[in-house]
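So that the names make sense, note that chain A is the first sequence line, chain B the second, and so on, each numbered from 1.
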Protein chains: 2
Amino acid sequence: MTNAHKHTIAIVDDHLLFASSLEKLIHSFPEFEVLFKARNGVELQRELKAGDHVPDIILLDLNMPVMNGQETLSWLTEIHPGIKVLVLSMEDDERTILKMIREGAKGYFLKDIHPNDLKEALLEVMDKGYYYSAKVTSTMVHALQPGSKSQPLNLKENERTFLQLACSEMTYKEIADVMNLSPKTIDGYRQELFNKLNIKNRVGLVIYALKNNIIEI
Amino acid sequence: MTNAHKHTIAIVDDHLLFASSLEKLIHSFPEFEVLFKARNGVELQRELKAGDHVPDIILLDLNMPVMNGQETLSWLTEIHPGIKVLVLSMEDDERTILKMIREGAKGYFLKDIHPNDLKEALLEVMDKGYYYSAKVTSTMVHALQPGSKSQPLNLKENERTFLQLACSEMTYKEIADVMNLSPKTIDGYRQELFNKLNIKNRVGLVIYALKNNIIEI
DNA sequence: TTAAAAAATAGGTAAAATCCTGATTCTCAA
DNA sequence: TTGAGAATCAGGATTTTACCTATTTTTTAA
């Protein structure tokens, strides 16, 4: 395959060591070449706006400072819908995976993917337009199953806000003040959540919020 | 540098993509060669016990299933004190860093290290016997400062146990039962921790425990 | 051995959390 | 317009937390 016909790739990852290593790996694939690397979404935007080089595929890390993976993906989906974005991440939780797919990622894999599988994934993305590993596929199926037990998505907006505030040292009365609601309403949210999530006290709320990425620590 | 005089390296990481990429990167350093890769501590032990090849340096990932980085490091320090272990990790919290250094790691760096710095680190480890980045060094200095505010280490054993149990849905009375102590003693632990950590309620305990890796979620 | 320090325990009280049941108010569609 | 359902709010009771001060027991060091 001549250089002119190689598929082009951009790597967006703030982990320099990983990005450079990945670049070398891809260099060993005759079908692909790395067009450029960026450390975050802002750098990527700069590169793309320069205009003279738009990659076929972007390998996008999820955890970046400045402009993280999700924001970058939203921007790409809107401005450069033609670029196929593959999300690279350490997180394998359902919530994160589904969020990225909904945002338009053409593929999602964990960083512990086997090098051979990466090559296969790149080829398949160029061929079919998407690549999802068995793990991610099963996650999607599971999420679509009716009655799958973990549905942290059906929280109402106020419940979600309350849940986040409940993970602080505020009393319920203080939370009520912040949310401009009666303490009794807050008490209602609390009870509703206890029932819905099958927990017994406020510590349970915190644990749940953490497990489901409702709050960050 | 002839092949016979290259410094030898082993990579222990369950992230195949990362390990393979890293191998390729190191391959581009004329002074070093990768002797073998292992996916976890157990595999590493197998390789080392085979006996015919002992590396100069081991690049050790911290987060592995089966036998994790810390266990592996303890074992290495005892059985193969001659091997220089460099810990590769995603965690940059003081607690983790210090723990590894105390366990005998000859270096500690985050996976976002620059490739050039990696090479420099490898050379320096062979030369001086250790390599610590500015970040890690400053962490050590900070930890040794008297009165540095974050000292999650000075928790007494019972306080620590209580703290872990307080991060569950148990009442303090139930915790007292489990720990075979009077509820009043538990109340004492609680109050002591509130003062020590400058927090106001049980949620504060949970947050603190999480931030300081006292519990896992 | 003994005094001092640390750990464990107690009593009492106020505040917050938890758990009911029921009453308004609001929203939205028929 | 109106009625059903959701959201909000209230009263009131019990349990758990949180906060004092003080005593007993255990451990440690001189």
Worked verdict on A:H15 versus A:D61 for side-chain contact (heavy atoms from CB on, under 4.5 Å): CA-CA 9 Å; A:H15 294 75; A:D61 181 34; 3.9 Å; yes

Whole-Å gap separating C1' (D:dT17) and CZ (B:F162): 11 Å

Close side-chain approach of B:I83 and B:V54, heavy atoms under 4.5 Å: yes

Among A:T72, A:L59, A:V125, A:L60, the one residue meeting side-chain contact (heavy atoms from CB on, under 4.5 Å) with A:V85: A:L60

Aromatic ring pairing A:F18/B:F18, orientation class (parallel under 30°, perpendicular over 60°, tilted between): parallel

Note, B:S168 side chain near A:I207 side chain (heavy atom, < 4.5 Å): no

Spacing of A:K156 atom NZ relative to C:dT27 atom P, expressed in whole Å: 16 Å

Interatomic distance, B:E157 CD vs C:dA8 P [rounded to whole Å]: 12 Å

Contact state string [nucleotides 9-21 of chain C, B base, S sugar-phosphate only, - no protein heavy atom under 4.0 Å]: BBBB----SBBS-

Nucleotide D:dC9, atom P - distance to CG of A:D177 in whole Å: 12 Å

B:L193 vs B:L163 side-chain heavy atoms within contact, under 4.5 Å: yes

Rounded distance (Å) that lies between atom P of D:dG5 and atom CD of A:E192: 16 Å

